[in-house]
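First the structure, in the form of structure tokens, and then the observations on it.
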Number of protein chains: 2
Amino acid sequence: MLSMVMSLRNQPGASSPSRAAIVDRARRLAAVEGLDGLSLARLAHDLGMSKSGVVALFGSKEALQLATVSIARDVFVEEVVAPVLSVAGGLDRLRALLESHVRYSEARRESGGCFFAATSSEFAGRPSSVRDAILAARAEWDAVLLRIVERAIGKGDLDPDTDAEQLAYQLRALLEAASTDALRLGTAEPHRRTRIAIEAVLRSAGAP
Amino acid sequence: MLSMVMSLRNQPGASSPSRAAIVDRARRLAAVEGLDGLSLARLAHDLGMSKSGVVALFGSKEALQLATVSIARDVFVEEVVAPVLSVAGGLDRLRALLESHVRYSEARRESGGCFFAATSSEFAGRPSSVRDAILAARAEWDAVLLRIVERAIGKGDLDPDTDAEQLAYQLRALLEAASTDALRLGTAEPHRRTRIAIEAVLRSAGAP
DNA sequence: CCTACCGATCGGTAGG
DNA sequence: CCTACCGATCGGTAGG
């Protein structure tokens, strides 16, 4: 069921090694500079090829940006979501997912920002296909978190009258605060505070 | 005491009407397009003047960006913080501040994003004077919120053993989630959820 | 504040 | 995948 919501790959189509290398580099750069901050020439130079080589592989900057959002989504699923789907318990899986997210953003603290944090606010105000792709990826993540919260409630690990949407919202707020504040302040304190707050929120929803 | 932390104006120096008009326009644009998305030519065109007229008034794009951060900070203080400093009670003032922030981001929901949300992630990864100015403004806001939380504890309105930093962190996470999620989803639901969560967090800290 | 201009860089195309 | 090139736009300067 969950794998229907968020399967590991959502990209059909073939991709050359060059294509993969470019998109991977673009993903890392965009987490720091944003998706508009990418330039085809810079990307080409970093990878030792010509600018028109990059254009030939993608067709346009917009297509490159869309491919980059897609791979960023895949990496997020693979690194944060997939590892916890084998956890059997309801609340156990929820806690594993939350910890997985915190660890993920912790590991990235020195190496630049979060791809989705950087690009969401960048495109928030201007409708485009790239914005739609970013929003779709985020909606997918919202749905996964909600599903796992509902599962914990359904298995009786949280109070049965818990408002799943409200709980998921509060947990997401704390995960995002850890990510943005850690980048801003450069310390591990936000992750620590988010972990404390997560436990407080879960306990007030009936978690042991 | 609080007015020392966050006085209404932190800008010395004179400013022509044109300068003020340019910076105000830049502030509104940057909330949507970011501070790098600003172009001197576009700004000049919007205001019916020449590009070099803008350059003459500010000297450089960086100086314009710094002036824009400064005015964005002043507007935030004036609209969110100043109105609640007349509230006498400890917890009453804290609740007034939180509600003031929620209403502020609610009012802006249709008109584009939050200046500091848009620009913080934009500059998060690249050290610069503009980044320092953004971080300083945010640190100032963090300090104000913390001070008002501490005041509520000091006046006995919250449990005396409340961890003020932790509480301020959680409240800030909820305020930011309302702002970013409302822009992303285009609904009033995030503000509603943030209000509910704020009350839950305050009550668990002993608020009546 | 203006016109006129600078070199650099942008995304993208032609042609191979 | 490449070289060579396009028009547009960037921040900024000269000179007034």
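The shown structure was predicted, so the numbers you read here are calculated from the model rather than taken from an experiment. We use all heavy atoms of the structure for the numbers below, so side chains are in, but hydrogens, waters and symmetry mates are not. Letters go in sequence order (proteins before strands), and every chain restarts at 1.
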Would you kindly compare A/Gly59 and B/Ser18 by the position of their nearest DNA chain C nucleotide and give the one closer to the 5′ end?
B/Ser18

Please name all residues satisfying ring pair (Phe, Tyr, Trp, His ring centres under 6.0 Å) with B/Tyr104, sequence neighbours left out, ordered by chain then number.
B/Phe76

Would you please name every residue forming a salt bridge (Lys or Arg N to Asp or Glu O under 4.0 Å) with A/Glu165, sequence neighbours left out?
none

Any donor-acceptor pair under 3.5 Å joining the side chain of B/Ser50 to the base of C/dT3?
no

Under the salt bridge (Lys or Arg N to Asp or Glu O under 4.0 Å) test, which residues partner B/Asp132, sequence neighbours left out?
none

With sequence neighbours left out, write down each residue that passes salt bridge (Lys or Arg N to Asp or Glu O under 4.0 Å) with B/Asp92, or none if nothing qualifies.
none

When rounded to whole Å, the CG to C1' distance for the pair B/Leu43 and C/dC1 reads 15 Å

If the condition is side chain to side chain donor-acceptor pair (under 3.5 Å), which residues does B/Glu79 pass it with, not counting sequence neighbours?
none

Once you round it to whole Å, what is the distance between C1' of C/dC10 and CD of A/Gln65?
13 Å

Heavy atoms, side chains only, cut-off 4.5 Å: are B/Leu47 and B/Val54 in contact?
no

Between B/Arg195 and B/Glu199, does at least one N-O distance fall below 4.0 Å, as a salt bridge requires?
no

Under 3.5 Å, sequence neighbours excluded: what are the donor-acceptor pairs made by side chains of residues 115-125 of chain B?
unit_1: B/Thr119; atom_1: OG1; unit_2: B/Phe115; atom_2: O; d: 2.8
unit_1: B/Ser120; atom_1: OG; unit_2: B/Phe116; atom_2: O; d: 2.6
unit_1: B/Ser120; atom_1: OG; unit_2: B/Arg138; atom_2: NH1; d: 2.9
unit_1: B/Ser121; atom_1: OG; unit_2: A/Ser121; atom_2: OG; d: 2.7
unit_1: B/Glu122; atom_1: OE1; unit_2: B/Leu35; atom_2: N; d: 2.8
unit_1: B/Glu122; atom_1: OE2; unit_2: B/Leu35; atom_2: N; d: 3.2
unit_1: B/Glu122; atom_1: OE2; unit_2: B/Asp36; atom_2: N; d: 2.7

Would you say the side-chain atoms of B/Arg93 pair up with the backbone N or O of B/Val87, donor to acceptor, closer than 3.5 Å?
yes

Please list residues of residues 22-37 of chain A whose heavy atoms come under 4.0 Å from any atom in DNA chain D, ordered by number; otherwise none.
none

Rounded to the nearest Å, what distance is computed from the CG atom of residue B/Leu57 to the P atom of nucleotide D/dG11?
16 Å

Spacing of A/Gln170 atom CD and A/Ile198 atom CD1 [to the nearest 0.5 Å]
11.5 Å

Can you tell me which nucleotide in D/dG11, D/dC1, C/dG12 comes closest to the side chain of A/Ala56?
D/dC1

Ignoring hydrogens and geometry, is there a side-chain-to-backbone donor-acceptor pair from A/Tyr169 to B/Ala178 under 3.5 Å?
yes

For atom CE of B/Met49 and atom C1' of C/dC1, their distance in whole Å
7 Å

To the nearest angstrom, the NE2-P distance between B/His45 and C/dC2 comes to 13 Å

Can you list everything that forms a salt bridge (Lys or Arg N to Asp or Glu O under 4.0 Å) with A/Arg184? Sequence neighbours excluded, please.
A/Asp181, B/Asp142

Polar atoms only, N or O, under 3.5 Å: list the protein pairs with nucleotides 6-9 of chain C and their distances.
none

My validator wants the stems of DNA chain D: runs of 3 or more consecutive Watson-Crick or G-U pairs, both distances under 3.5 Å, written as range with range.
C:1-16 with D:1-16

Numerically ordered, the residues 119-134 of chain A set in heavy-atom contact under 4.0 Å with DNA chain C is none

When we call it a touch if two heavy atoms are under 4.0 Å apart, what does B/Leu38 touch: a base, just sugar-phosphate, or nothing?
sugar-phosphate

For the pair A/Arg126 (side chain) and A/Arg131 (backbone), establish whether a donor and an acceptor sit closer than 3.5 Å, ignoring hydrogens and angles.
no

From the set C/dT13, D/dG11, D/dT13, return the single nucleotide nearest to any side-chain atom of A/Ser52.
C/dT13

Checking A/Ser105 now: which residues fulfil side chain to side chain donor-acceptor pair (under 3.5 Å) with it, not counting sequence neighbours?
A/His191

I need the CG-C1' distance between A/Leu40 and C/dT13, as an integer number of Å.
13 Å

